[in-house]
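Remember, it's 1-based here, ligands and their atoms both numbered in the order they're listed. Hydrogens, waters and symmetry mates are skipped; everything else that's a heavy atom, side chains included, is used.
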Amino acid sequence: MYIFKRIQDLQNHLNRYKGPIGFVPTMGALHQGHISLMKKAKEENELCVCSIFVNPTQFNDKKDFDKYPITLETDIAQLIAAEVDVLFLPEVEEMYPLGTEDLKTYDIGYLDTVLDGKFRPGHFNGVCLIVHRLLEAVRPHVLYLGEKDFQQCLVIQQLISQLNLPIQVITCATLREANGLAMSSRNARLSANGKEKAGLIYKTLQSFKDRTSSSSFKSLHEESLRNLAAHEMEVEYLLLANANNLFILDEFEMNTPMVVLIACKFEGVRLIDNLRI
Ligand code: AMP
């Protein structure tokens with residue numbers, strides 16, 4: 001596997017290839033969820049390029065940024081084992097040569113007003129900034145994203161169409177632990193017991209899926225909030241939305257593609273998950 005820290009060196013290398021490039025951007029602390037994206041990118045393209053960059057501009061909470069897990073050595077070992085061709089590993093100065101203040105703002109529109117957009121002001125602007133720069137650096141044909149970050153997928157799809165970039169976006173299913181907990185780099189900050197207990201998040205999402213025809217969303221929502229609070233989960237949002245545009249729904253609508261999305265804090269760690277209905 002080649003490792004590049006500079007955009008110019010990365011591009012000099014990639015210019016030697018003609019076939020499609022599949023790209024998987026990450027913030028490291030890799031787990032099997034990330035690796036599943038790399039494997040797909042590897043299967044479907046001539047080259048699989050991955051990046052590891054903990055993007056400072058997408059953290060609205062400085063403490064969250066400071067505590068973000070970094071496991072570079074094991075990440076590199078996992079990437080080699082997954083036969084990733086190229087790792088792009090830039091420093092902050094390479095991605096933000098003019099610093100991280102007074103940056104461009106993107107027109108994210110409605111998506112920035114709900115769910116993570118509402119609860120993490122500035123987060124999606126930071127995501128757009130870094131994804132735009134990474135796409136300019138890597139110039140991939142196909143971009144692989146995880147459905148675990150459902151809203152992020154829509155924001156990036158919108159960004160790519162606004163910029164008119166010739167990049168295909170493929171969203172990949174969420175990989176989960178045996179108890180249903182969505183794999184996430186942040187899970188490393190949970191205690192072993194906490195990881196077991198956090199399976200409740202997925203169980204809650206599944207209860208919405210299982211009971212769409214027998215219960216109202218409103219009653220399930222109330223019951224779920226009570227149950228999560230009883231298990232020391234501090235819910236930021238638990239919402240039902242149209243899966244195409246994230247317009248919030250008050251009730252199940254059988255003819256609409258739906259998704260239930262949750263963000264909650266548990267053991268001081270902010271966890272998000274979602275499930276299509
Ligand atoms: P991150 O390192 O958290 O920025 O994630 C990098 C990419 O991996 C994003 O497209 C995520 O949506 C995706 N991803 C994160 N967790 C999972 C998971 N459990 N299953 C599948 N993809 C994931």
If the plane angle is over 60° it's perpendicular, under 30° parallel, otherwise tilted; pick one for Tyr68 and Phe59. perpendicular

Aromatic plane relationship, Tyr110 with Phe247 - under 30° parallel, 30 to 60° tilted, over 60° perpendicular: perpendicular

Quick check: do Leu175 and Ile35 have side-chain heavy atoms less than 4.5 Å from each other? no

Side-chain contact, heavy-atom cut-off 4.5 Å: Ile160 with Val169? yes

Report every pair formed by an N or O atom of ligand 1 and a protein N or O atom separated by less than 3.5 Å, giving atom names and the distance to 0.1 Å.
residue: ligand 1; atom: 2 (O); partner: Met27; partner atom: N; Å: 2.9
residue: ligand 1; atom: 2 (O); partner: His34; partner atom: NE2; Å: 2.9
residue: ligand 1; atom: 5 (O); partner: His34; partner atom: NE2; Å: 3.4
residue: ligand 1; atom: 10 (O); partner: Gly146; partner atom: N; Å: 2.9
residue: ligand 1; atom: 12 (O); partner: Gly146; partner atom: N; Å: 3.2
residue: ligand 1; atom: 12 (O); partner: Gly146; partner atom: O; Å: 3.1
residue: ligand 1; atom: 12 (O); partner: Asp149; partner atom: OD2; Å: 2.6
residue: ligand 1; atom: 16 (N); partner: Met183; partner atom: O; Å: 3.4
residue: ligand 1; atom: 19 (N); partner: Leu175; partner atom: O; Å: 3.0
residue: ligand 1; atom: 19 (N); partner: Met183; partner atom: O; Å: 2.8
residue: ligand 1; atom: 20 (N); partner: Leu175; partner atom: N; Å: 2.9

Passing option when Glu236 is tested against Arg120, Lys265, Arg270 for side chain to side chain donor-acceptor pair (under 3.5 Å): Arg270

Pro121 and Asn60: which non-hydrogen atoms are nearest, and at how many Å? O-CB, 3.4 Å

